[in-house]
Amino acid sequence: KTIDDLGDLRGKRVLVRSDFNVPLDGTTITDDGRIRAALPTLNRLLSAGARLVVTAHLGRPKGTPDVKYSLAPVAERLRELLDAPVRLAGDVVGESAHAAVDGLSDGEVVLLENIRFDPRETSKVDEERAELAGELAELADAFVSDGFGVVHRKQASVYDVAQVLPAAAGELVLKEVESLSRATSDPERPYVVVLGGSKVSDKLGVIANLLGKADRLLIGGGMVFTFLAAQGHEVGSSLLEEDQIETVKGYLATAKEKGVEIVLPTDIVAADSFAADAPHAVVSADAIPAGRMGLDIGPESGAAFARAITEAKTVVWNGPMGVFEFKAFEGGTRAVAQGLVDATAAGAFTIVGGGDSAAAVRRLGFDEAGFSHISTGGGASLELLEGKTLPGLAVLES
Ligand code: 3PG
């Protein structure tokens, strides 16, 4: 169901679930990509004359108000980005929220405080979540689900409330699902997937699923050392998940059987310690010296990855290749991002998925227009790539 299915929204109170889980440095938002991505839906509803009640989470507070996780910085940024008054309620569904919503006029916005200040939001007990959903529903006449980054969570403001109010998917959710489905259902080939980030264990499902689908899997980031170890190489003091080595060996064997090429780096930037100014050198990936830790893929690998990417017709990239936050270790991530930009220019369909890679792309100064789609989802986009059914999407179909 889409916003069109909700009919005339003038004067109606519309509850919008957004994903405003943005990185913060104190109270400063360091990447506002998720807030900007929410604007098409918010603006569309505002132009339709609706009164917006927006709900979102920030971080993982322990089910109780905690000023560290207040949505105040988000409210501030929304005020700058929206051409409408934005008021932050002092609570989630309490007196302050009711007073703020009662005071709304058409084309105005109330942002409820961090929904995770209420323990029922993430409760595993269905009745508890349903109770919170009922209280949210008292504040609105319709529900628009637009927090793509949380649609994999069976939570009150994502899943349960959609069963109580007339519900529809927002513009961002539609765009995300459409783009990611293009890669998952019938990708134009060659289909290349680039995986990075620190942990193999976060990506097990997605790797298993892609072994039957992708033509090439390029692996970098912290997770690559478990692959190198599985091939019998020394990885020094690099990140290593010993308990995943056997699983990774299985993946390497399956890939061979199915004709999927797993491409690992041939060189690594290895440092003395985990620090921006750590002494470092490029070493061969099969001989990382003892005591050294790999913090990026090397230049030869970066170039090879970029070449493989530009040969593709569909590219999905999830997870940075190295510690891109440190200048000395951003080269691999930069090479991959540039590969995607070149592939897009040559007509390929390219997706940057996962909060970290999306933030990396912006931080490294790439123009967002150089990619076909930059996903706002971390876990959500991975679970879609894994082929899972996401509760926050399934509930909008019925
Ligand atoms: C994310 O950052 O991936 C989403 O906002 C979901 O957050 P969560 O992992 O804390 O549920």
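Reckoned from all heavy atoms, side chains included, excluding hydrogens, waters and symmetry mates. Indexing begins at 1, ligand by ligand and atom by atom, following the structure's order. Positions are given from 1, in the same order as the sequence printed here.
Considering only non-hydrogen protein atoms, atom 4 (C) of ligand 1 sits nearest to Gly149 O, 3.4 Å.
We find that Arg17 and Asp146 are not joined by a salt bridge, their nearest charged nitrogen and carboxylate oxygen being 4.0 Å or further apart. Between Lys12 and Asp141, none of the side-chain N atoms (NZ, or NE/NH1/NH2) sits under 4.0 Å from a carboxylate O, so this pair counts as no salt bridge.
Within ligand 1, counting atoms from 1 as listed, the ones closer than 4.0 Å to a heavy atom of Asn21 are 1 (C), 2 (O), 4 (C), 5 (O), 7 (O). Near Val150, meaning under 4.0 Å from one of its heavy atoms, ligand 1 places the atoms 6 (C). Set against the non-hydrogen atoms of Arg60, the atoms of ligand 1 under 4.0 Å away are 8 (P), 9 (O), 10 (O). Atoms of ligand 1 found under 4.0 Å from any heavy atom of Asp19 (numbered from 1 in listed order, with element): 4 (C), 5 (O). Heavy-atom proximity to Arg153, at under 4.0 Å, picks out these atoms of ligand 1: 8 (P), 9 (O), 11 (O).
A donor-acceptor pair shorter than 3.5 Å cannot be found between the side chains of Thr226 and Gln244. There is no side-chain donor-acceptor pair under 3.5 Å between Ser381 and Glu176.
Residue His152 has no nitrogen or oxygen atom sitting less than 3.5 Å from a nitrogen or oxygen atom of ligand 1, judged on distance alone.
The closest approach between His57 and ligand 1 falls below 4.0 Å for a heavy atom of the residue.
Closest of all the heavy-atom pairs between Arg51 and Ser105 is CG-O, 3.5 Å.
When ring centroids are compared, Phe274 and Phe326 come within the 6.0 Å threshold.
The part of Arg34 lying near ligand 1 is the side chain, judged by heavy-atom distances below 4.0 Å.
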**Request:** Applying side-chain hydrogen bond (donor to acceptor under 3.5 Å, both in side chains), run through Thr266 and Glu300 and close with a yes or a no.
**Result:** CA-CA 7 Å; Thr266 49; Glu300 182 183 275; 2.6 Å; yes

